[in-house]
Trainee: 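Please find one structure pasted underneath; my questions will follow.
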Number of protein chains: 2
Amino acid sequence: MTSTPTAGKAGRRRDPEKGAQILQATLDVLAETDYADVTIELVAARAGAGRHAIYRRWEGKDELILAAIACTDSADLGPDGLPDTGTLRSDFLALLDPNWMGGSERRLRILSSVSAMITRTPGAVDAVIKAIVDPSTAAYRFLIQRAVDRGEYAPPHNLDALAQVIPSMAAYRAFFMQQVVDEEFMLSIIDGVVLAALREPSAANR
Amino acid sequence: MTSTPTAGKAGRRRDPEKGAQILQATLDVLAETDYADVTIELVAARAGAGRHAIYRRWEGKDELILAAIACTDSADLGPDGLPDTGTLRSDFLALLDPNWMGGSERRLRILSSVSAMITRTPGAVDAVIKAIVDPSTAAYRFLIQRAVDRGEYAPPHNLDALAQVIPSMAAYRAFFMQQVVDEEFMLSIIDGVVLAALREPSAANR
DNA sequence: CTAATACGGCACTACTCAGTGCCGCAATCG
DNA sequence: CGATTGCGGCACTGAGTAGTGCCGTATTAG
């Protein structure tokens with residue numbers, strides 16, 4: 001990539017907005033169509049840019065998409081963005097709020113679009129794991145651990161496995177079955193699997 | 001599709017073997033590469049056939065792949081093909097045998113390759129669900145239900161949700177995380193999630 | 001001012017690949 | 001035998017698209 005002309009001397013400076021707009025447009029297109037249908041032309045048009053503005057910043061299509069994945073917004077999955085309602089079950093239910101579901105749905109769609117890239121492009125797996133998979137798992141791990149810490153449940157046999165239940169099953173349903181991840185489905189997982197696998201704390205743990 | 005000349009009169013008869021070989025080759029290629037990399041040329045070469053032998057039998061690429069998905073072998077997931085070891089946990093462990101894992105891995109790879117097609121081609125979702133998703137879920141549902149029937153566990157709160165845990169989490173790991181679905185991972189799901197969510201039967205149920 | 005760089009828009013090349021037509025040969029029917 | 005159809009192999013067309021070059025314009029440093 002050519003360095004920004006700030007270090008040099010003359011010339012029009014590269015618009016910092018454009019880069020962000022292009023990445024956002026890339027994520028938008030990824031969330032709407034499949035990887036194979038993501039054309040540079042489409043991204044450029046969506047960003048109100050020319051193709052050169054893209055190729056000036058990234059080596060090619062794959063680098064662009066990798067960069068876009070890396071800047072997927074997962075702030076809502078951080079400890080500070082997660083609900084804290086007092087009980088684990090109502091924390092889970094709070095995640096059904098459109099406020100969070102919007103981000104989840106978008107991440108799911110991006111995840112599925114990028115899937116075709118995963119087996120092909122080196123680095124794609126790591127980018128996806130870092131930007132989407134890990135934050136999701138970490139969010140559920142955090143909620144469960146907090147419930148355990150407050151004495152709501154006994155420490156589970158395998159926290160990591162439990163934390164992946166909801167992301168996995170939601171992705172499987174949305175992706176391979178093309179069915180909506182609605183409240184009814186989420187409740188069936190929450191009550192039928194996750195909470196069922198957690199035990200009341202023994203007296204010794206209180 | 002043109003009808004077989006058996007009803008008519010003259011001409012060389014269409015080789016019934018060829019059709020099967022082409023479908024098998026399609027599945028092989030699907031299991032090895034991505035949907036976008038599945039070219040008719042590649043399938044034809046793998047089947048030892050010409051492109052015409054394919055287009056004579058199917059309308060186009062999508063129809064070929066749909067037909068191939070529909071004939072995915074899931075016989076090992078039928079009630080008669082599943083292990084019966086006496087306990088649910090050892091039934092699950094028996095599924096780790098290469099005998100079953102081979103089929104599972106193949107189905108997973110085909111599932112991931114076809115995923116790009118799911119959002120695009122009408123009928124692809126139904127074909128995938130019927131040939132891969134449903135048989136997998138049904139197999140786990142059968143094993144769990146049998147364990148419940150023999151009094152090993154109490155009837156679960158939501159059998160369908162539990163039956164989808166292993167297929168979902170295995171697919172998520174293999175597909176989005178590109179990590180092997182090995183014995184260690186399976187054990188963490190079996191013990192940490194599925195069996196943890198099942199309860200010992202109460203005295204009244206015995 | 002001039003030089004250098006960014007920008008959008010357009011045209012162009014290069015490549016892949018689905019689908020078709022043609023050729024020669026093989027099989028099957030009358 | 002001749003007509004018809006299946007078959008593999010080859011060449012070809014046409015569509016889609018990644019990537020590049022050029023043009024006129026805008027912005028910035030010296």
Side-chain angles (χ1 to χ4, degrees), chain A residues 1-26 29-30 33-68 113 116-117 120-121 124, chain B residues 1-26 29-30 33-68 113 116-117 120-121 124:
Chain A
M1 200 181 311
T2 49
S3 57
T4 40
T6 317
K9 298 289 170 63
R12 178 175 175 174
R13 276 176 279 162
R14 205 175 279 177
D15 188 357
E17 284 290 316
K18 269 287 175 262
Q21 285 172 5
I22 291 170
L23 288 178
Q24 267 309 308
T26 306
V29 175
L30 273 177
T33 72
D34 190 69
Y35 166 81
D37 295 327
V38 176
T39 65
I40 299 290
E41 170 65 34
L42 195 59
V43 171
R46 184 70 65 95
R51 283 204 278 277
H52 281 291
I54 294 177
Y55 286 109
R56 206 173 287 121
R57 289 172 171 80
W58 295 278
E59 291 283 337
K61 183 178 175 180
D62 286 344
E63 285 74 15
L64 167 65
I65 297 187
L66 286 183
S113 293
M117 203 176 159
R120 190 198 322 255
T121 310
Chain B
M1 198 181 308
T2 48
S3 59
T4 41
T6 318
K9 295 291 168 60
R12 179 175 175 173
R13 276 175 278 164
R14 204 176 278 177
D15 188 356
E17 284 291 314
K18 270 285 175 260
Q21 284 172 6
I22 292 170
L23 288 178
Q24 268 309 307
T26 306
V29 175
L30 273 176
T33 72
D34 190 69
Y35 166 82
D37 294 328
V38 176
T39 65
I40 299 291
E41 171 65 33
L42 195 58
V43 171
R46 185 70 66 97
R51 282 205 280 274
H52 281 292
I54 294 177
Y55 286 109
R56 206 172 288 123
R57 289 173 171 80
W58 295 279
E59 291 283 337
K61 184 178 174 179
D62 286 345
E63 285 74 17
L64 167 65
I65 296 186
L66 286 184
S113 293
M117 203 178 159
R120 187 199 324 255
T121 310

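Chain naming here is simple, since letters A, B, ... match the order of the sequence lines and numbering starts at 1 in each.
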Trainee: Counting only side-chain heavy atoms from C-beta out, which of D:dG8, C:dG19, D:dT20 sits nearest to A:Tyr55?
Mentor: D:dT20
Trainee: CD1 of B:Ile65 versus P of C:dC17: gap in Å, rounded?
Mentor: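 Those two atoms, CD1 and P, are 13 Å apart.
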Trainee: Is it the case that D:dG9 (base atoms only) and B:His52 (side chain only) share a donor and an acceptor within less than 3.5 Å, ignoring hydrogens and angles?
Mentor: yes
Trainee: Can you tell me how far the CG atom of B:Asp62 sits from the OG1 atom of B:Thr121, to the nearest 0.5 Å?
Mentor: 4.0 Å
Trainee: Work out which heavy atom in A:Ala124 is nearest to a heavy atom in A:Leu66; give both atom names and the distance.
Mentor: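 The pair with the smallest heavy-atom distance is CA-CD2, 3.5 Å.
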Trainee: Any side-chain heavy atom of A:Trp58 sitting closer than 4.5 Å to one from A:Ile40?
Mentor: no
Trainee: Calculate the interatomic distance between A:Arg120 atom CZ and C:dT16 atom P; express it in whole Å.
Mentor: 14 Å
Trainee: Take the protein atom CD1 of B:Ile40 and the nucleotide atom C1' of D:dG9, then report the distance between them rounded to whole Å.
Mentor: 16 Å
Trainee: If you only use heavy atoms from C-beta on, which nucleotide in D:dT20, C:dA18, C:dC7 is closest to the side chain of A:Arg12?
Mentor: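 The answer is C:dC7, which lies nearest to the side chain.
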Trainee: For B:Tyr35, does its backbone N or O pair with a side-chain atom of B:Ser113 as donor and acceptor, under 3.5 Å?
Mentor: no
Trainee: Between C:dC7 and A:Arg56, is there an OP1 or OP2 to side-chain N/O distance shorter than 4.0 Å?
Mentor: yes
Trainee: Taking the side chain of A:Ala10 as its heavy atoms from C-beta onward, which of C:dC29, D:dT28, C:dC7 lies nearest to it?
Mentor: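 Closest nucleotide among those given: D:dT28.
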Trainee: Rounded off to whole Å, could you give me the CG-to-C1' distance for the B:Asp15 and D:dG8 pair?
Mentor: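 So the two atoms are 13 Å apart, to the nearest Å.
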Trainee: Would you kindly check whether a donor in the side chain of A:Arg51 faces an acceptor in the base of D:dG19, or vice versa, at under 3.5 angstrom?
Mentor: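 Yes, a donor-acceptor pair under 3.5 Å.
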Trainee: What is the nucleic acid contact for B:Ala44, judged by heavy atoms within less than 4.0 Å: base, sugar-phosphate only, or nothing?
Mentor: nothing
Trainee: Could you state the CZ-P distance from A:Arg13 to C:dC7, rounded to the nearest angstrom?
Mentor: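 Value for this atom pair: 12 Å.
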Trainee: Closer than 4.0 Å, any side-chain N/O of A:Lys18 to the OP1 or OP2 of C:dG8?
Mentor: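 So the side chain of A:Lys18 is within the cut-off, an N or O lying under 4.0 Å from OP1 or OP2 of C:dG8.
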Trainee: Any base atoms under 4.0 Å from A:Val38, or only sugar-phosphate, or nothing? Heavy atoms, all strands.
Mentor: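 Since only primed, P, OP1 and OP2 atoms lie under 4.0 Å of A:Val38, the category is sugar-phosphate.
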Trainee: Please determine if a side-chain N or O atom of A:Arg14 lies less than 4.0 Å away from the OP1 or OP2 oxygen of C:dA6.
Mentor: yes
Trainee: If I take atom NZ in residue B:Lys61 and atom C1' in nucleotide D:dG16, what distance separates them, rounded to the nearest angstrom?
Mentor: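 The answer, rounded to whole Å, is 13 Å.
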Trainee: Measuring only between side-chain heavy atoms, which start at C-beta, is A:Gln21 closer than 4.5 Å to A:Asp15?
Mentor: no
Trainee: Return the value, rounded to whole Å, for the distance between atom CH2 of A:Trp58 and atom P of C:dA6.
Mentor: 14 Å
Trainee: Starting at CD of A:Glu41 and ending at C1' of C:dG8, how long is that distance when rounded to a whole Å?
Mentor: 11 Å
